[in-house]
Amino acid sequence: MSQQLEADLAKCREELEHLRLIQEHATDMISRHAPNGAYTYASPAATRLTGYAPEELVGRDPYDFFHPDDMPAVSESHSTIIDTPDVFTVAYRLKRKDGNYIWFETTSKTIRDTATNEVLEIIAVSCDITKRKTLELDLHNLAREDQLTGLPRPHVFHKELDQALKRAKRAKSLVAVLYIDLDKFKSINDNYGHLVGDNFLKAFGKRLSQGVRGGELAARLGGDEFGAILENIQSLDEAQSAAQRLIDLFEKPLKVGKLRIQGDFSMGISLFPEQASNAEILLQQADTAMYAAKALDKTIAFAQP
């Protein structure tokens, strides 16, 4: 054997050893899979990340560990990996050996027969992105929820109202929009202070959210104003009955610390498509009806056709 060949073989062995060390000590899990997805190898990081020893994964179908809600996305990603030579990344929830789910992000690439392009195996690198996903979810909730009451913010209300109107058009049903403004809220702030005022809004929002049912949404629209969307309404009487149900929730005073404060309010109701053909005008009509209720010293008033 020539000295050059010996040197080349030594270099190959050295490079293979480097690759083995990287694979064995990587913090991310490196895995190899048969074309059908079954594990053929998992690096030692599998134990720390999944709770399973590498040998416990070999031969197993990864689908045994995926969260049911993530199955479609993972299945689609597998099809994409098999059909194309590109690198593909997918995020999903994986069930650890202890039964808890963690978020995984896996980047995969196929190894193919150069002559036939047949998939020989799949190489994957997976990392735990649970902290990142938790932060994303927290930020998403911050964007959607009013931080004082926990109810959806106005932009969520408007988006949901648009969707509700589309569904109502298809189903040929009605949608009722309720615009609610608290009575004497300023006097609560003046008499008890803004902290009590904030806690009052929080208590009001909580009770309102407890009163909504399937096909209904309550939101804080700003200040002491709230809104509700009632779907699948078949008549004006049904809308009035649903509104009365929410009104009845506030017969008893709200508990605010050691205080008991009556949650009086005025409500305006508008109906789609009777009073308006789009979300913006429908909400304006409900707002106008609410001011009419205040002027008449009534709890509830309907928008005029």
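Heavy-atom basis, side chains included; hydrogens, waters and symmetry copies ignored. Here the structure is a predicted model, which is why all the values come from computation and not from measurement.
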From [X] atom [atom1] to [Y] atom [atom2], the distance as rounded to the nearest 0.5 Å:
X: Glu121; Y: Thr110; atom1: CD; atom2: OG1; result: 10.0 Å
X: Asp183; Y: Lys294; atom1: CG; atom2: NZ; result: 4.0 Å
X: Phe88; Y: Asp83; atom1: CZ; atom2: CG; result: 11.0 Å
X: Ile122; Y: Ser31; atom1: CD1; atom2: OG; result: 9.5 Å
X: Gln304; Y: Gln275; atom1: CD; atom2: CD; result: 8.0 Å
X: Arg245; Y: Leu230; atom1: CZ; atom2: CG; result: 7.0 Å

Are the side chains of [X] and [Y] in touch, meaning some heavy atoms are under 4.5 Å apart?
X: His158; Y: Leu283; answer: yes
X: Gln210; Y: Leu249; answer: no
X: Lys159; Y: Asp162; answer: no
X: Ile261; Y: Val196; answer: yes
X: Phe200; Y: Tyr192; answer: no
X: Leu201; Y: Phe226; answer: yes
X: Leu208; Y: Phe250; answer: yes
X: Ser173; Y: Gln234; answer: yes

Between [X] and [Y] (side chain of the first, backbone of the second, donor and acceptor by atom type, cut-off under 3.5 Å), is there such a pair?
X: Ser277; Y: Pro273; value: no
X: His33; Y: Asp61; value: no
X: Glu55; Y: Tyr41; value: no
X: Ser75; Y: Pro72; value: no
X: Arg220; Y: Gly223; value: yes
X: Lys109; Y: Pro85; value: yes
X: Thr50; Y: Ala46; value: yes
X: Arg213; Y: Ala242; value: no

- [ ] Tell me, with the steps shown, if Tyr92 and His67 meet side-chain contact (heavy atoms from CB on, under 4.5 Å).
- [x] CA-CA 7 Å; Tyr92 56 93; His67 191 287; over 6 Å; no
Open item on the list: Are Met267 and Leu182 connected into the same hydrophobic cluster when the rule is that any two of I, L, V, M, F, W, Y join if their side-chain heavy atoms are below 4.5 Å apart?
Closed with: yes
TODO: Verify the cluster assignment for Phe265 and Tyr291: are they in a single hydrophobic cluster under the rule of side-chain heavy atoms below 4.5 Å apart?
DONE: no
Task: Test of ring centre spacing under 6.0 Å for Phe65 and Tyr52 - done: yes
For the student: nearest non-hydrogen atoms of [X] and [Y], plus distance:
X: Val212; Y: Leu217; result: CG1-C, 4.3 Å
X: Leu271; Y: Ala176; result: CD2-CB, 3.5 Å
X: Pro35; Y: Val119; result: CG-O, 3.4 Å
X: Ala53; Y: Thr47; result: CA-OG1, 3.5 Å
X: Arg207; Y: Pro253; result: NH2-O, 3.2 Å

Open item on the list: Please evaluate residues Phe302 and Leu236 with respect to the criterion side-chain contact (heavy atoms from CB on, under 4.5 Å), reporting the C-alpha separation (whole Å), side-chain torsions for both, the decisive distance (0.1 Å), and the verdict.
Closed with: CA-CA 10 Å; Phe302 280 84; Leu236 179 65; 3.3 Å; yes
Open item on the list: Are there over 12 heavy-atom neighbours, none belonging to Glu76, within less than 6.0 Å of that residue's CD?
Closed with: no
Open item on the list: Assess the residue pair Leu254 and Phe204 against the criterion (side-chain contact (heavy atoms from CB on, under 4.5 Å)); give the C-alpha distance rounded to whole Å, side-chain angles, the decisive distance to 0.1 Å, and a yes or no.
Closed with: CA-CA 7 Å; Leu254 296 168; Phe204 186 91; 3.9 Å; yes
Task: Option among Arg167, Arg170, Lys169 that satisfies the salt bridge (Lys or Arg N to Asp or Glu O under 4.0 Å) test with Glu231 - done: Arg167
Task: Thr130 and Asp128 side chains, donor-acceptor separation under 3.5 Å - done: yes
Open item on the list: Quiz question: by atom type and distance under 3.5 Å, do the side chains of Ser270 and Tyr179 form a donor-acceptor pair?
Closed with: no
Open item on the list: Checking side chain to side chain contact (heavy atoms under 4.5 Å, CB included) between Phe104 and each of Arg93, Lys133, Met29, which is the one that passes?
Closed with: Met29
Open item on the list: Apply salt bridge (Lys or Arg N to Asp or Glu O under 4.0 Å) to residues Asp64 and Lys95 and explain how you reach the verdict.
Closed with: CA-CA 8 Å; Asp64 293 342; Lys95 191 174 185 178; over 6 Å; no
TODO: Start with the C-alpha distance between Asp70 and Val90, add both sets of side-chain angles, then the distance that settles side-chain contact (heavy atoms from CB on, under 4.5 Å), and finish with yes or no.
DONE: CA-CA 10 Å; Asp70 299 330; Val90 63; over 6 Å; no
